[in-house]
Amino acid sequence: MFLKRYIPLAIVFVVGVTMLASWFIPHSPFDAFEIHATQWFDIIASFAMILGALNLLKIQSSKLIHRKRDWQYSLAAILGFFLTLTFGFILKGGHFLVLKDVGNNPTAVVNELSQELQIDNKIANNIYAIPETGDGIKIKKQYYTQNKAIEFKNRLETAGAVVEVKEVIWGGHLQQNNTYFAWIFKNVFTPLSATMFALLAFFVASASYRAFKVRNLEATILLVAGIIIMIGRVPLGVFITNWIPRTSFFSFLRLEILQEWIYQYPNAAGARAIMIGIGLGIVGTSLRVILGIEKSFLGEK
Amino acid sequence: MKNRGIWLKIFLLFILIFNFAIGGEININVEVDKSDAEGQLVNMLITGIDNTTNFKVFKKLGDESQWIELKSINKLSSKIYIKNDILTSLKVVTYDDNEKIIEEAISELFITKAQWFNTSRLAKFIFLLVTSFLILFYIEKAKKKKEIYLRPIAGLKAFEEAVGRATEMGKSVLFVPGIMDLDQVETISGIIILGYVSKMTARYETDLNVPVARSIVMEAGKEIVRESYMSEGRPDQFNSDMVHYLTDDQFAYAAGVNGIMLREKPAAVFMQGKFYAESLILAETGNSIGAIQIAGTGSQAQLPFFITACDYTLIGEEFFAASAYLSQDPKLLGSIKGQDMVKAAIMIIIVVGVVFESFGAEFFKKLLG
Amino acid sequence: MSKFLENLGSIDRRYIFLIIAIVVFLPLIFPLGLPVEPTNLTIDSFNAIDKIPKDEKVLISFDYGPSTKPEIHPMAIAILRHLFTNGNRVIIICLWPDGLFMARQALQQVAVEEFDLTYGVDYVNLGYRPGNEAVIKGITRSFPANFAVDSRAIEIKEIPLMNGVQSLKDIGFIFSLSAGYPGSVEWVQYASNPLKIKTSTGVTSIQVNEILPYVTSGLLQGIIAGMPGAAEYEQLLVNNDIHPVIGKAGKSMDAQSIAHLVIVLFIVIGNISYFAKRKKEKKY
Amino acid sequence: MSFGSIFGAWVTVFLTLAILSYLYKDNPFYKVAEHIYVGVSAAYWGTIAFWNQVWPNLFGRLWPHVNDPSTLSKFNQFWYKIYNGLHWFSHNVFPENGIPGNQQQNLWYIIAFFFGLFMLARLIPKISWLGRWSLAYVVGMAAGLRIYGFMSSNVIAQIHGSILPLWGESLGTIINNLVLIVGTITGLFYFFFSVEHKGIFGKISRVGIYFLMISFGASFGFAVMGRISLLIGRFNKLIEYSHKQYSYATLILLVVMVATLLILNLKKTEEVT
């Protein structure tokens with residue numbers, strides 16, 4: 001009972017108070033609290049991901065084993081999961097060459113290189129002046145498979161160069177291009193998230209069609225403000241009210257000026273009231289959590 | 001604290017005039033700025049030259065040997081950040097037009113110490129104390145006086161109605177606790193609201209489906225839903241896979257939840273927590289399957305989309321007050337009343353501030369930093 | 001008639017999706033060249049660039065990144081086309097690290113593919129230097145001190161375009177492509193105002209209000225404001241037959257304008273049918 | 001054009017069209033894309049979390065790379081023996097002599113290690129209560145961390161911004177300031193919970209609601225342009241991949257997918273009638 005109830009509440013109180021105090025005490029160790037506290041959280045969250053992944057696999061595989069509806073798609077999810085995991089931890093790719101020495105015929109080496117990648121004068125004159133002792137220069141072309149890299153190495157060696165095949169180090173393979181992981185990011189992950197994001201263009205239209213109705217005064221204000229801003233921000237809006245001269249007293253009725261005024265004053269006022277409300281809501285909830293008044297998320301008993 | 005600064009300025013001014021008068025050789029004074037919050041700021045003043053001659057300032061840390069040039073310093077008197085607890089000294093060197101050194105001056109050694117209280121955050125500290133006091137005061141008051149009036153919030157009244165509707169139609173209730181992790185206060189609030197909704201689904205024996213985007217939220221969700229089913233005496237109804245993990249990715253999660261909505265066709269959809277751009281995708285899909293949708297969030301940028309696409313929306317502070325409303329726990333109701341008093345104080349501060357500002361007294365606004 | 005109006009109110013949302021898809025897709029293939037009415041801010045900027053004497057060198061600063069590329073990159077393409085058509089020589093520097101990639105892409109498209117100019121003579125890319133406004137302050141005194149080599153690691157001394165350019169005082173016109181800090185504000189405060197050099201700028205639409213005071217006080221010759229501004233500039237290039245066809249911003253603005261108009265039409269139709277239904281309910 | 005990028009283009013086009021097909025209705029293409037997306041992204045973020053968080057910040061701090069293990073202190077000699085066990089487990093993940101990257105050793109992170117393990121204890125029912133300690137840490141940290149940020153930026157900064165002069169300025173500025181002040185105060189009245197919104201109080205909060213509605217309408221209208229340009233970006237990508245160098249990926253896939261959906265539709269209506 002003590003372990004399950006009071007220790008967690010004590011942890012919440014102690015951690016909450018020290019984190020809050022760290023904002024007001026610049027003296028060490030408090031000044032580094034925020035960085036370490038958030039990194040501790042990231043570590044806990046990363047460990048917890050194992051639970052999430054196991055839960056996902058459990059549910060998808062139970063759908064698969066019991067042939068529930070749409071089980072074939074669960075197969076796609078599980079395959080996608082393990083494929084990405086292998087690219088993350090087992091199969092890396094990202095092989096590249098390091099040119100150690102040019103040998104006695106540098107021009108042959110350079111034109112061999114220029115077939116494979118775009119060479120400009122900067123790289124060319126670097127190649128001529130390779131220092132003997134250094135660890136050579138890295139050729140900016142990476143290959144998924146090792147034998148592709150070896151193929152290019154042999155061609156360079158016939159031209160007299162001394163070349164070494166190397167691999168992107170583990171941990172660095174996430175951002176380098178031509179690694180399998182980067183391929184998944186570029187060709188699977190980015191199009192899916194960009195297209196999901198783009199769906200919003202359709203939903204903005206259907207939501208405004210359905211919701212912007214002159215039901216009552218409030219809905220009408222919502223509608224009028226929305227339309228003025230929408231039209232005022234495209235050249236069409238400028239076109240519609242171009243007849244009002246800019247210098248006249250009524251120039252604020254020009255759509256592009258009116259929309260700016262609405263956005264900067266009434267909208268800002270409303271937004272400010274909501275922000276203060278949210279700020280107080282968060283301060284209130286956080287205080288209730290730290291002081292143990294709100295403890296349902298830790299389980300009553 | 002304040003007046004020492006003025007004396008300092010008069011003293012430095014005196015040196016400036018004195019030096020200038022007799023054209024004495026160059027001098028560099030360094031004084032640790034006590035009023036600075038982090039205690040890392042020093043005031044540097046170079047005397048004996050005017051700002052037409054080009055000069056450079058260098059810094060040397062106690063034990064190291066060579067001087068490091070401070071490139072961004074180009075004014076004779078400026079504030080410089082110096083790392084704490086290291087003996088440091090500054091040097092100024094003047095050059096003529098073709099980069100030849102004319103003369104040099106080195107300041108005495110000094111050391112900056114971090115302070116125990118960040119004085120520039122005093123106003124915020126006081127505000128925090130007042131807010132906490134008001135909230136605690138009204139919690140104590142609420143414990144004695146039982147009933148506290150809170151104005152009705154349409155969205156919260158609709159909770160029971162939405163779960164009831166799902167039960168009649170034999171459909172499930174879908175609860176989305178936002179897409180962020182438990183390190184956000186809105187997610188904590190979302191999980192607490194899940195506790196109350198799961199009490200209702202336990203009572204009405206309705207199917208509950210809680211897809212989550214973070215593993216920690218999954219664990220907290222399982223914990224609170226199990227407690228709700230226990231306290232409603234329905235442990236048999238509880239199945240831990242009600243709360244299940246989809247993915248950490250924002251839009252993959254939205255795609256997954258869309259899939260659940262289209263195939264399971266829940267009759268009631270709750271979206272309570274922190275949301276980003278995917279809010280409208282979820283709300284529009286929920287609307288396309290004809291479900292009652294009740295959203296609640298503190299994410300200001302998403303409120304317009306929830307307002308237009310959902311049946312009910314808890315706007316900002318209403319979302320954070322939900323747990324007090326749903327529990328009717330006197331302590332929580334008291335804390336909401338405390339928050340109201342803070343709002344009243346804020347309004348008074350604004351009005352008083354506007355009056356002062358209109359009559360040109362700017363000290364009031366400066367108090368708030 | 002009222003039956004028709006009522007059904008109008010409950011159009012299947014998929015027709016709305018279809019209309020939006022068409023309205024956004026078509027202008028990307030067949031640009032309608034909707035009449036873009038250039039506003040004064042863009043015209044002032046266009047005229048200021050058009051009036052630069054042929055032998056004056058122009059400095060362009062690339063201060064934006066991939067996230068603000070849709071709004072700012074079309075401006076970079078447009079003014080490079082304008083300057084190269086007028087025969088002006090261009091020196092490019094970048095105060096944002098990503099600005100370097102944006103500059104390379106723009107130069108590749110305009111200077112290499114469209115105008116086939118020679119690097120180092122007609123244009124030079126001095127690359128990115130950290131230090132924000134300190135870099136601007138530096139080049140008001142001396143270019144070599146801050147840009148010893150260009151973005152291809154070639155000594156400044158060996159670049160023909162750069163000899164005779166000791167500092168910003170030898171530059172005729174400055175154009176800042178700015179998405180925030182450091183950007184046009186810093187260029188006005190540390191370069192154009194103290195040295196009295198003619199300057200104009202292209203910014204994201206959110207910044208326009210912050211930059212407007214500099215135009216009214218004469219420190220800036222016009223502003224290209226966000227994507228609408230870029231579309232207007234492209235239209236001006238077409239009107240003055242500097243470039244045959246409108247660019248990416250123009251096409252996107254076509255799609256934006258029609259899409260916005262269509263959404264407003266949906267709202268109007270929705271309300272008409274809403275009133276038709278309410279009128280009918282009142283009768284019974 | 002290497003095979004990798006052509007194949008990549010085809011995959012990109014297929015997934016883009018599969019997600020867009022969801023607008024028509026739930027169909028096999030969307031189901032495949034959705035499930036692939038969920039599976040891939042779960043493992044994707046898991047990998048990133050390990051290589052960007054756990055590997056450098058936890059293991060990197062417990063066992064930073066040491067060039068010559070013999071120079072270690074007595075305690076560290078023993079401590080790095082545990083690391084050798086991990087090294088035996090996987091050479092890729094735990095390279096020789098500690099984790100590269102210039103982290104200093106910080107043994108406080110053992111506590112974070114245990115909080116992480118407590119989380120995993122949720123898998124074993126008997127000791128699953130240990131997980132509550134980690135939850136308690138996370139919630140405590142969240143509460144303590146967010147109070148200051150929201151109090152200073154949401155509350156105090158907004159109060160500071162609302163204090164504007166109503167005298168001694170141009171008429172235009174005074175009107176604008178008045179709108180800002182009245183809007184903020186009446187908006188706050190709407191958020192009053194413990195007072196019944198009736199009488200004068202009701203009228204003020206009604207005005208507050210009007211300001212809130214202007215704010216929602218305006219930010220909705222403001223967002224429309226941004227959302228449309230996202231779709232423009234996707235269509236530009238589809239147009240780019242419809243060219244010869246990508247062997248007409250968009251055109252072919254579009255025809256194939258639309259045809260399949262029509263056939264599926266016909267088959268479904270046959271079963272129904």
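In the text below, chain A, chain B and the rest are named by the order of the sequence lines, each starting its count at 1.
Using cut-offs of 30° and 60° on the angle between ring planes, the pair D:Phe114 and D:Phe118 is tilted. The aromatic rings of D:Phe59 and D:Phe94 lie perpendicular to each other, with more than 60° between the two planes, well past the 30° mark. Using a 30° and 60° split on the angle between ring planes, A:Trp40 and D:Phe115 fall in the tilted class, from 30° to 60°. Using cut-offs of 30° and 60° on the angle between ring planes, the pair A:Trp261 and A:Tyr265 is tilted.
Panel note: side chain D:Ser162, backbone D:Ile181; no donor-acceptor pair is recorded below 3.5 Å. Side-chain atoms of A:Ser46 never come within 3.5 Å of backbone atoms of D:Phe50 as a donor-acceptor pair (strictly under, hydrogens ignored). Side-chain atoms of D:Thr47 come within 3.5 Å of backbone atoms of D:Ala43 as a donor-acceptor pair (strictly under, hydrogens ignored). Side-chain atoms of D:Thr250 come within 3.5 Å of backbone N or O of D:Leu238 as a donor-acceptor pair. Put simply, the side chain of D:Asn27 gets close to the backbone of D:Ser21: a donor and an acceptor are under 3.5 Å apart.
The distance from atom CH2 of D:Trp133 to atom CD1 of A:Ile44, rounded to the nearest 0.5 Å, is 13.5 Å. A distance of 8.5 Å separates CD1 in D:Ile204 from OG1 in D:Thr186, rounded to the nearest 0.5 Å. Going from atom OG1 of A:Thr86 over to atom CZ of A:Phe181 covers 10.5 Å, rounded to the nearest 0.5 Å.
Contact count versus chain A (heavy atoms, under 4.5 Å) is highest, among D:Gly46, D:Pro100, D:Gly161, for D:Gly161. When each of A:Ser193, A:Gly277, A:Ala268, A:Ala205 is scored by its heavy-atom pairs under 4.5 Å with chain D, the top score falls to A:Ser193. Taking D:Ile36, D:Val139, D:Ile228, D:Leu130 one by one and counting their heavy-atom pairs under 4.5 Å with chain A, the maximum is reached by D:Val139. Of the listed residues (A:Met275, A:Arg272, A:Met19), the greatest number of heavy-atom pairs within a distance under 4.5 Å of chain D belongs to A:Arg272. Counting heavy-atom pairs closer than 4.5 Å to chain A, the top residue among D:Val224, D:Asn176, D:Ile19 is D:Asn176. With chain A as the partner, the residue from D:Val155, D:Leu17, D:Leu180, D:Ile159 showing the most heavy-atom pairs under 4.5 Å is D:Leu180. The most heavy-atom pairs under 4.5 Å with chain D, out of A:Met230, A:Gln72, A:Glu218, come from A:Glu218. With chain D as partner, the option from A:Ile50, A:Ile274, A:Thr190 having the largest number of non-hydrogen pairs under 4.5 angstrom is A:Ile274. Ranking A:Gln60, A:Arg288, A:Glu34, A:Gln39 against chain D, the residue ahead of the rest is A:Gln39, based on heavy-atom pairs under 4.5 Å. Options D:Leu117, D:Val54, D:Leu135, D:Val138 differ in how many heavy-atom pairs under 4.5 Å they form with chain A, and the most are formed by D:Val138. Ranking D:Pro56, D:Ala33, D:Ala49 against chain A, the residue ahead of the rest is D:Ala49, based on heavy-atom pairs under 4.5 Å. The candidate from A:Ser208, A:Gly52, A:Ala201 with the greatest count of non-hydrogen atom pairs under 4.5 Å with chain D is A:Ala201.
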Show me, pair by pair, the donor-acceptor contacts under 3.5 angstrom made by side chains of residues 8-16 of chain A, not counting sequence neighbours?
none

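When heavy atoms are compared at a cutoff of 4.5 Å, D:Asn177 does not approach chain A at all. Proximity to chain D is limited to the side chain of A:Leu54, based on heavy atoms less than 4.5 angstrom apart. Looking at A:Ala53, neither its backbone nor its side chain comes within 4.5 Å of chain D, counting heavy atoms on both sides. Only the side chain of D:Phe220 comes within less than 4.5 Å of a heavy atom of chain A; its backbone N, CA, C and O stay farther away. Looking at D:Phe191, only its side chain comes within 4.5 Å of chain A, counting heavy atoms on both sides. Proximity to chain D (any heavy atom under 4.5 Å) is shown, for A:Leu83, by neither the backbone nor the side chain. Contact annotation for A:Met49: only side-chain heavy atoms (C-beta onward) come within less than 4.5 Å of a heavy atom of chain D. Heavy atoms closer than 4.5 Å to chain A are found in the side chain of D:Ile209, but not in its backbone. Of the two parts of A:Phe203, only the side chain, counted from C-beta on, holds a non-hydrogen atom closer than 4.5 Å to a non-hydrogen atom of chain D. Proximity to chain A is limited to the side chain of D:Trp129, based on heavy atoms less than 4.5 angstrom apart. Proximity to chain A is limited to the side chain of D:Tyr22, based on heavy atoms less than 4.5 angstrom apart. If you measure heavy-atom distances from A:Val289 to chain D, the contacts under 4.5 Å come from the side chain alone. Using a 4.5 Å cut-off between heavy atoms, A:Ser22 makes no contact with chain D at all. Heavy atoms of D:Pro95 lying under 4.5 Å from chain A are absent altogether. Within the 4.5 angstrom heavy-atom criterion, atoms from both the backbone and the side chain of A:Leu85 approach chain D. Using a 4.5 Å cut-off between heavy atoms, D:Met141 touches chain A through backbone and side chain atoms alike. Both the backbone and the side chain of A:Tyr73 come within less than 4.5 Å of a heavy atom in chain D. Looking at A:Leu200, both its backbone and its side chain come within 4.5 Å of chain D, counting heavy atoms on both sides.
Counting non-hydrogen atoms of neighbouring residues, nucleotides and ligands closer than 6.0 angstrom, the NZ atom of D:Lys237 reaches no more than 12 such neighbours. In the displayed structure, A:Phe24 atom CZ is contacted under 6.0 Å by more than 12 heavy atoms of other residues, nucleotides or ligands.
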Side chain to side chain contact (heavy atoms under 4.5 Å, CB included) between A:Phe33 and A:Trp23, worked out: CA-CA 9 Å; A:Phe33 257 29; A:Trp23 288 108; over 6 Å; no
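Exactly one residue among D:Trp10, D:Phe7, D:Tyr241 makes a ring-ring contact (aromatic ring centres under 6.0 Å, His included) with D:Tyr246. That residue is D:Tyr241.
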